[in-house]
There are 2 protein chains.
Amino acid sequence: MSVRLDELDRKILVQLQQDGGRSLDEIAKAVGSSKTPVWNRIRKMREGGVIKQQTYVLDADSLGFEACFFVLIRTSEHDADWQARFLKALRDRPEVQEAHRLAGDIDYILKVRVENARAYDVFYQALISEVKVHNVTALLSMEEIKSTTMLPL
Amino acid sequence: MSVRLDELDRKILVQLQQDGGRSLDEIAKAVGSSKTPVWNRIRKMREGGVIKQQTYVLDADSLGFEACFFVLIRTSEHDADWQARFLKALRDRPEVQEAHRLAGDIDYILKVRVENARAYDVFYQALISEVKVHNVTALLSMEEIKSTTMLPL
DNA sequence: TGGAAATAAGGAAAATTGTTCCGTATGGTC
DNA sequence: GACCATACGGAACAATTTTCCTTATTTCCA
């Protein structure tokens, strides 16, 4: 059962994405409605899975995560068992912030956040000892120009 | 003025990352403390920039964003003016969820979320008409295996 | 080691916010 | 045009956040 969204729903989502700490009163005023409809719509969008989660975004640098790598992976193995183990390994490793299976030449891309280059090597060695991969290229981020989870509504 | 974090601070951050909707009472109980110290520490970490923002994460598919591309960019131009215009273009475009300047061969990587392949092409054409880039490779995501903003504390 | 100052904790009060309830309005259907 | 279903706005209630105050704990210096 999917949720059909109207203009008011979208306005509410914009508010929630911009600042998840606003009160219902503030949101209601911003979108030109009142508390009850705003509250009901948020609840429905939560239950319908449009809103996945509510979270706090932390500053990686302040917490000592100064290195960010994008990892491009090619593999020769494509059987179901190998893939299941590979996906599990990625999901279990907290350093992996993003993992996507790709179309084309390169099979997977990861975004990995670690303390430093040495910590990346530890991660890398651990990963390739768990599952065989054909070719790995690591791209080191020098500067995070932009980072957001916002969808353009 | 940086914030020095102790074990209790870290426990609180873990709770906030896991679920940004928990009440102070719940968090206090989970970390083995009471409301006031938890509240004071959250406030300080906010002011100190350790906590960057509080937000709601939405489901891209539910909202019609069914295509996700990682874009690898090489450029020949490296002067300050070009770079300033390029960064501004990236920050201004809401489709761009991530943008990093890289070390080595490839100069930039972007993560771009759009409705479909057609919308990506519109984005791409608009971008290269704004700023000259030498070489662009787009990697299309077939499956989002993992996506989180959590840092492993 | 003793003692004063600074810092952090816990509990309770006050203020704000979230949640429910209900009467009314609105829109769609036959 | 009447009925049903759905959504809205305002008020009442419940829960949470925020502040305040008192008590511990720690730190630092004599």
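The chains referred to below are lettered A, B, ... by the order of the sequence lines, with proteins before strands, and numbering in each begins at 1.
- For the pair B:Thr75 and B:Lys132, the minimum side-chain heavy-atom distance is 4.5 Å or more.
- Between chain A and DNA chain C, the heavy-atom contact criterion of under 4.0 Å yields a 5' to 3' nucleotide range of C:dT17 to C:dC21.
- Straight-line distance from the NZ atom of A:Lys35 to the P atom of D:dG10: 11 Å, rounded to whole Å.
- Between A:Lys44 and D:dA7 there is a side-chain polar atom (N or O) within less than 4.0 angstrom of OP1 or OP2.
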Residues 114-129 of chain A, side-chain donor-acceptor partners within the protein, below 3.5 Å, at least two apart:
residue: A:Asn116; atom: OD1; partner: A:Arg118; partner atom: N; Å: 3.3
residue: A:Asn116; atom: OD1; partner: A:Ala119; partner atom: N; Å: 2.9
residue: A:Ser129; atom: OG; partner: A:Gln125; partner atom: O; Å: 3.4
residue: A:Ser129; atom: OG; partner: A:Ala126; partner atom: O; Å: 2.9

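- Between A:Arg4 atom CZ and D:dT6 atom C1' there is a gap of 17 Å when expressed in whole angstrom units.
- Members clustered with B:Leu72: A:Phe70, A:Leu72, A:Leu102, A:Ile106, A:Ile109, A:Leu139, B:Phe70, B:Leu102, B:Ile106, B:Ile109, B:Leu139, by chain and number, using a 4.5 Å side-chain heavy-atom cutoff among hydrophobic residues.
- Comparing B:Arg43 and A:Ser33 by the nucleotide of DNA chain D that holds the closest heavy atom to each, the one mapping nearer the 5' end is A:Ser33.
- Here the C1' atom of nucleotide D:dA7 and the CD atom of A:Glu7 are 17 Å apart, to the nearest Å.
- Rounded to whole Å, the distance from CG on B:Leu24 to P on D:dA15 is 16 Å.
- In this structure a side-chain-to-backbone donor-acceptor pair under 3.5 Å is missing from B:Lys111 to B:Gln97.
- Remark: B:Leu8 in residues 8-19 of chain B come within less than 4.0 Å of DNA chain C through at least one heavy atom.
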Task: side-chain contact (heavy atoms from CB on, under 4.5 Å) assessment of B:Leu153 paired with B:Gln17 - done: CA-CA 10 Å; B:Leu153 303 170; B:Gln17 285 195 115; 3.7 Å; yes
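- A salt bridge is defined here as a Lys NZ or Arg NE, NH1 or NH2 lying under 4.0 Å from an Asp or Glu carboxylate O, and A:Arg101 with B:Glu143 meets this definition.
- Rounded to whole Å, atom C1' of D:dT17 lies 11 Å from atom CD1 of B:Ile27.
- If you measure from atom CH2 of A:Trp39 to atom P of D:dA12, you get 19 Å, rounded to the nearest angstrom.
- When the nucleotides D:dC20, D:dT18, D:dG10 are ranked by their closest atom to the side chain of B:Thr36, D:dC20 comes out on top.
- One atom, CD1 of A:Ile42, and another, P of D:dA7, lie 16 Å apart when rounded to the nearest Å.
- With D:dA7, D:dT16, D:dG10 as the choices, the nucleotide that has an atom nearest any side-chain atom of B:Ser23 turns out to be D:dT16.
- Separating the CG atom of A:Asp25 from the P atom of D:dT16 is a distance of 18 Å, rounded to the nearest angstrom.
- Taking 4.5 Å as the limit, every side-chain heavy atom of A:Met150 sits out of range of all side-chain heavy atoms of A:Val14.
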Taking only distance into account, with no hydrogens and no angle test, what donor-acceptor pairs under 3.5 Å do side-chain atoms of residues 57-69 of chain A form with protein atoms, sequence neighbours excluded?
residue: A:Asp59; atom: OD2; partner: A:Ser62; partner atom: N; Å: 3.0
residue: A:Asp59; atom: OD2; partner: A:Ser62; partner atom: OG; Å: 2.5

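- Residue contacts for A:Arg41: at a heavy-atom cut-off of 4.0 Å it reaches the sugar-phosphate backbone alone, with no base atom in range.
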Ignoring hydrogens and angles, write down the donor-acceptor pairs under 3.5 Å from the side chains of residues 26-45 of chain A, residues two or more places apart or on other chains.
residue: A:Glu26; atom: OE1; partner: A:Ser23; partner atom: N; Å: 2.9
residue: A:Glu26; atom: OE1; partner: A:Ser23; partner atom: OG; Å: 3.4
residue: A:Asn40; atom: OD1; partner: A:Arg43; partner atom: NH2; Å: 3.2
residue: A:Asn40; atom: ND2; partner: A:Thr36; partner atom: O; Å: 3.3
residue: A:Arg41; atom: NH1; partner: A:Asp6; partner atom: OD1; Å: 2.9
residue: A:Arg41; atom: NH1; partner: A:Asp6; partner atom: OD2; Å: 3.2
residue: A:Arg41; atom: NH1; partner: A:Asp9; partner atom: OD1; Å: 3.0
residue: A:Arg41; atom: NH1; partner: A:Asp9; partner atom: OD2; Å: 3.3
residue: A:Arg41; atom: NH2; partner: A:Asp6; partner atom: OD2; Å: 3.3

